[in-house]
S.K.: 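I'd like to ask some things about the structure below.
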Amino acid sequence: MSERILVCVAWPYANGSVHVGQMAGCYLPADIFARYHRLKGNEVLMVSGSDQHGTPVTIRAETEGKTPSQVVNFYHDEFLDTWRRFGISFDLFTTTGTANHAQVAQDVFLKLLEKGYIYKDTVSQAFCTKCQRFLPDRYVEGTCPYCKSPGARGDQCEACGKPLNTPELINGHCRLCGTPPVYRDSEHFFLKLTAFNEPLLSWIKQKTHWRQNVMNFTARYLEEGLKDRAITRDIEWGVPVPLEGYENKRLYVWFEAVIGYLSATKEWAESIGDKERWRQFWQNDCRSYYFIGKDNIAFHTIIWPAMLMGYGGFNLPYDVPANEFLTIEGKKVSTSRNWAVWLPDYLNNYAPDPLRYLLSINMPETSDADFSWHEYVRRNNDELVATYGNLVHRVLTLTYRNFDGKVPSPNGTDDGSNQLNALCEEVFKDVGNFLAVCSFKQALSRAMALAHETNRYLDEKAPWKSIKEDRQAAANSLFVAIKAISVLKTMLYPFLPFSSQKLHEYLGFEGKIEDSGWEMHIPKPGQKLLQPQALFTKLDEELVEKETQKLGH
């Protein structure tokens with residue numbers, strides 16, 4: 001029986017290119033998961049979009065002398081191109097700048113206000129006397145009052161993940177001019193998070209399938225006690241507060257952006273000509289998964305669920321498989337110092353699947369992981385080329401050359417063949433089980449173990465020798481190897497969609513691999529093969545030094 005799966009993916013700020021840390025953190029795991037469930041025949045909707053209202057956008061615009069819209073349009077287009085070239089298969093990737101999003105965000109605001117979960121209060125707000133304006137949270141930097149890390153922002157400390165209010169910062173200063181802010185009174189709207197402390201604690205106790213890091217962070221934060229948070233700010237860029245007298249205030253991006261999952265689903269439903277279809281993912285039987293980095297856990301396990309509880313009638317998140325961070329050559333990613341590997345640059349020079357493979361086999365699921373160019377080359381050459389690619393190439397080349405370009409007909413099996421056939425079934429089941437619970441590293445490692453075993457089987461049978469003495473024995477072993485390769489191309493498709501599609505065609509299957517389903521497709525004897533080409537290309541060790549030298553410059 002098919003299931004309904006909503007895949008919600010973190011909304012990137014439209015102020016810079018996507019880097020490998022973000023890709024490993026949320027976009028690639030979400031894509032792997034969505035591709036698997038589509039193969040399974042489940043009804044999948046994967047949505048996200050450019051977050052265009054965050055202060056990172058306005059800061060970038062001011063730095064470059066552009067309008068926020070110019071910055072947003074450039075990076076939104078680049079995001080779409082990156083997803084296409086890297087194979088991130090969104091059903092809809094929109095922006096928070098649509099009229100639809102504004103309407104949905106304002107509706108949530110008004111409903112929570114009506115039900116008493118939003119209230120007005122006068123607060124002391126940072127004001128820069130030199131810049132002569134109120135400072136949104138990210139325009140103020142200082143030392144975190146909790147972990148004492150420098151460079152904490154007025155909304156959150158990246159080092160410890162704690163959400164902050166600007167006055168809490170130690171030695172806070174305007175990030176544009178360095179002036180310590182003064183604080184002036186300003187009336188704002190607050191979300192009554194304190195009303196949801198106990199309901200959220202009761203809710204997370206049911207989440208026994210959550211990753212331990214997500215559960216620990218959420219439980220600790222709730223046990224310490226929630227605080228009400230301002231959800232409006234004095235700024236011109238953003239979704240307007242839909243009340244008379246508040247025309248100069250905007251909804252805070254942290255409140256408004258998470259509503260994008262709902263507004264994007266509504267936009268998708270409108271785009272397919274079925275306006276009410278969104279309800280199937282938000283009000284009917286559906287499991288929703290939120291793929292984010294660990295710095296966004298609180299917004300998806302506490303704040304967004306509280307908003308949904310307050311509104312009423314919506315499904316709460318089923319799982320939030322947040323990943324840890326990916327460092328680059330042993331150092332934390334720094335976009336300002338250009339210590340990052342940018343996806344547009346990568347895709348201009350290399351194929352997508354080798355990077356998809358490295359980021360998957362080394363995914364920071366439960367602890368931070370590191371990216372290095374040396375490891376990228378090693379994994380490509382030793383695992384994709386030498387293990388998997390070589391297996392495919394020698395089996396299909398030998399078969400194509402000796403059996404008229406067709407799958408050979410077997411006439412029996414032996415113990416070794418039976419063992420490999422049984423292993424195929426076992427691994428296929430295991431990989432599906434791992435993918436279903438977002439254990440992507442384990443799924444990929446298990447699939448690659450089958451490639452190793454198939455190589456071992458092939459070396460033992462040596463059909464390149466037996467073809468000269470016992471043609472049928474060669475046909476038998478090659479048929480078993482082709483079966484294993486066909487199973488591999490289905491299991492590896494969520495990770496390596498481009499090379500899997502090529503292999504699908506080399507094996508003589510028609511159409512797209514995703515239309516074939518999550519099944520062990522065995523090529524039939526006599527099925528015509530396409531002349532095989534190498535799936536992967538060996539990389540020169542020299543690129544390690546060349547690419548490493550780009551970092552930090």
S.K.: How far apart are the C-alpha atoms of Lys266 and Glu276, what are their side-chain angles, what is the distance that settles it, and do they pass the salt bridge (Lys or Arg N to Asp or Glu O under 4.0 Å) test?
M.R.: CA-CA 8 Å; Lys266 290 188 174 185; Glu276 299 302 309; over 6 Å; no
S.K.: State which residues pass side chain to side chain contact (heavy atoms under 4.5 Å, CB included) with Gln283; sequence neighbours excluded, sorted by chain then number.
M.R.: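 For Gln283 the side chain to side chain contact (heavy atoms under 4.5 Å, CB included) partners, ignoring immediate neighbours, are Trp278, Arg279, Phe314.
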S.K.: Could you tell me whether the side chains of Asp234 and Ser186 share a donor-acceptor contact shorter than 3.5 Å?
M.R.: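 There is such a pair (donor and acceptor under 3.5 Å, judged by atom type) between the side chains of Asp234 and Ser186.
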S.K.: How far apart are the closest heavy atoms of Ser516 and His504, and which atoms are they?
M.R.: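 So the minimum-distance heavy-atom pair works out to OG-CE1, 3.3 Å.
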S.K.: Answer yes if the side chains of Glu187 and Tyr246 hold a donor-acceptor pair under 3.5 Å, and no otherwise.
M.R.: yes
S.K.: Check step by step if ring pair (Phe, Tyr, Trp, His ring centres under 6.0 Å) holds for Phe189 and Tyr119.
M.R.: CA-CA 5 Å; Phe189 290 88; Tyr119 62 91; 9.3 Å; no
S.K.: Would you call Asp228 and Lys192 a salt bridge, using N to O less than 4.0 angstrom?
M.R.: no
S.K.: Strictly below 4.0 Å, N to O, side chains only: are Glu236 and Lys249 in salt-bridge contact?
M.R.: no
S.K.: Answer yes or no for Lys111 and Tyr311: cation-pi contact, defined as NZ/CZ to six-membered ring centre under 6.0 Å and angle to ring axis within 45°.
M.R.: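 Judged by the rule, Lys111 and Tyr311 form a cation-pi pair.
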S.K.: Between Tyr376 and Tyr346, do the side chains contain an N or O donor and an N or O acceptor separated by less than 3.5 Å?
M.R.: yes
S.K.: Could Arg35 and Asp31 be called an ion pair, given the rule that one side-chain N must be under 4.0 Å from one carboxylate O?
M.R.: yes
S.K.: On a heavy-atom basis, which atom in Ser50 and which in His76 lie closest, and how many Å separate them?
M.R.: OG-ND1, 2.7 Å
S.K.: Is there any side chain to side chain donor-acceptor pair (under 3.5 Å) pair reaching into residues 251-263, and which pairs are they, with sequence neighbours excluded?
M.R.: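 Residue pairs with at least one partner in residues 251-263: His53-Glu256, His101-Glu256, His101-Ser263, Asp137-Tyr252, Tyr261-His300.
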